[in-house]
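Heads up: the structure comes next, in structure tokens.
Treat the numbers as computed from the prediction; the structure is a model and nothing was measured. FYI, the numbering just counts along the sequence from 1.
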Amino acid sequence: MTRDNHSLSIEFILLGFTDNPNMKTLLFVLFLVIYLITIVGNLGLVALIVMERRLHTPMYIFLGNLALMDSCCSCAIIPKMLENFFSKDRLISLYECMGQFYFLCLAETADCFLLAAMAYDRYVAICCPLQYHSMMSKKLCVQMIIVAHTGGNLHSVIQVFLLLRLTFCGSHQINHFFCDVLPLYRLSCIDPYINELMIFIYSGSVQIFTITIVLISYLCILFTIFKMKSKEGRGKALSTCASHFLSVSIFYGSLLFMYIRPSTIKEGDKDITVAIFYTVVIPILNPFIYSLRNKEVINSLKRIVKKMKSHHIQKQVSSPGIS
């Protein structure tokens, strides 16, 4: 009991990016702008999909959930990062640490499943358009979303539970800008072999399964695109697929490098650089890649803006004039 109480009262020091005051100010402004754009972009996309009935299709339902998970990831990581730029002690409690990692793990695992679902949806829409409504039914869509969120929560619970079995010693300094599992393993007084094994088994299984679906779906899509007779249609489809595949490649590539690598590679010098991609870059990129290049989303946004303008004009006309 004493050991458990001691473990729960532990505080860590997040070393972050730099100790240079000028660099801290610059990075604070940069990440604040990124955070605001990420939250407005992703939650704005969720609101648009909820409000516009034309977007109540599997593709946009998956996209809305992806945007929600990207917002969850940003809210779990960036506010504490911004606080620590001007914090003297840069402390984070064990409870905060576990909470931060829980929501990060939930978001990243759910994203893996959602990206696979979106790739399959595009495969059916492009390669089997006549069978789309039977192959991608609303029931299947709901089931895929339930699997994504259940898988994310299950992974988070397992990892947090295994982290709480560790005891920590030494400087308690985490060479990172958030509480990630690998820096915590380096501070453990006991061998985190079981934790590493579970990450390798669970994360590896999720990533291999979802990457396989993504790759097969995009290969089939590319094969169908190259069979198109229209050069304009082929070029447009290739451009869209290339941007989607770039986002997926950055996301999966950074996760694979960070978590599914040989246990002998334990240096933390590359952790921060790689982590920026899946915690900061991808959440801000996704709304632009998946929505701003999408005509249906742009047209829906224009319709809502027009409705708001007309409602505002009607309100002004109906209100009594001031003499």
Side-chain angles (χ1 to χ4, degrees), residues 3-4 7-12 14 65-66 68-78 80-81 92-116 146-169 172 174-211 251-263 265-266 268 270-272 274-280 282-283:
R3 194 201 75 170
D4 291 343
S7 297
L8 293 173
S9 64
I10 282 175
E11 289 184 322
F12 300 101
L14 291 170
N65 278 270
L66 185 73
L68 202 61
M69 288 297 100
D70 284 342
S71 300
C72 175
C73 176
S74 292
C75 289
I77 303 300
I78 299 183
K80 188 65 180 179
M81 181 209 299
I92 183 168
S93 69
L94 184 64
Y95 283 120
E96 284 181 291
C97 207
M98 296 302 104
Q100 195 177 53
F101 180 70
Y102 180 93
F103 287 107
L104 172 71
C105 188
L106 164 64
E108 303 303 341
T109 307
D111 275 3
C112 288
F113 286 109
L114 290 168
L115 287 170
I146 290 171
V147 167
H149 290 286
T150 304
N153 277 289
L154 181 62
H155 190 198
S156 299
V157 168
I158 291 170
Q159 293 302 331
V160 169
F161 175 77
L162 289 172
L163 277 173
L164 290 172
R165 65 175 277 276
L166 301 178
T167 54
F168 302 97
C169 51
H172 288 182
I174 298 176
N175 186 23
H176 217 306
F177 59 90
F178 70 94
C179 267
D180 201 5
V181 286
L182 298 182
L184 287 172
Y185 292 168
R186 297 181 191 115
L187 298 178
S188 176
C189 304
I190 61 175
D191 187 0
Y193 170 75
I194 295 174
N195 299 60
E196 291 176 328
L197 184 64
M198 285 305 297
I199 276 199
F200 186 79
I201 292 171
Y202 197 104
S203 300
S205 301
V206 168
Q207 291 188 46
I208 290 168
F209 173 70
T210 54
I211 286 172
F251 176 73
Y252 278 114
S254 56
L255 283 183
L256 284 169
F257 180 84
M258 180 64 78
Y259 299 110
I260 315 299
R261 54 177 170 170
S263 58
I265 304 175
K266 287 297 178 185
K270 294 180 181 177
D271 285 1
I272 291 177
V274 178
I276 285 173
F277 282 100
Y278 63 86
T279 59
V280 178
I282 290 299

**Report entry** Derivation and outcome, side chain to side chain contact (heavy atoms under 4.5 Å, CB included), residues Leu187 and Cys169
**Finding:** CA-CA 6 Å; Leu187 298 178; Cys169 51; over 6 Å; no
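Not one N or O on the side chain of Thr109 forms a donor-acceptor pair closer than 3.5 Å with the backbone of Gly151. Between the side chain of Ser254 and the backbone N or O of Phe251 there is at least one donor-acceptor pair closer than 3.5 Å.
Taken to the nearest 0.5 Å, the CZ atom of Phe168 stands 6.0 Å off from the OG atom of Ser188. To the nearest 0.5 angstrom, Cys97 atom SG is 7.0 Å from Leu14 atom CG. With values rounded to the nearest 0.5 angstrom, Asp180 atom CG is found 9.0 Å from Ile174 atom CD1. From Leu182, atom CG reaches atom CG of Asn175 across 12.0 Å, with rounding to the nearest 0.5 Å. Put simply, CD1 on Ile208 and SG on Cys112 are 11.5 Å apart, with the number rounded to the nearest 0.5 Å. Rounded to the nearest 0.5 angstrom, Asn195 CG and Ile190 CD1 are separated by 7.5 Å.
Annotation: side chain of Phe177 is in contact with side chain of Ile77 (closest heavy-atom distance under 4.5 Å). Considering only heavy atoms from C-beta on, Leu115 comes within 4.5 Å of Tyr252 through its side chain.
Ring pair Tyr202/His155 is parallel by interplanar angle, where below 30° counts as parallel and above 60° as perpendicular.
The heavy-atom pair separating Glu108 from Cys73 by the smallest distance is OE2-SG, 3.2 Å. Shortest non-hydrogen contact noted between Glu11 and Ser93 is CG-CA, 4.1 Å.
When the shell of 6.0 Å around CG of Leu154 is examined, it contains more than 12 heavy atoms from other residues, nucleotides or ligands.
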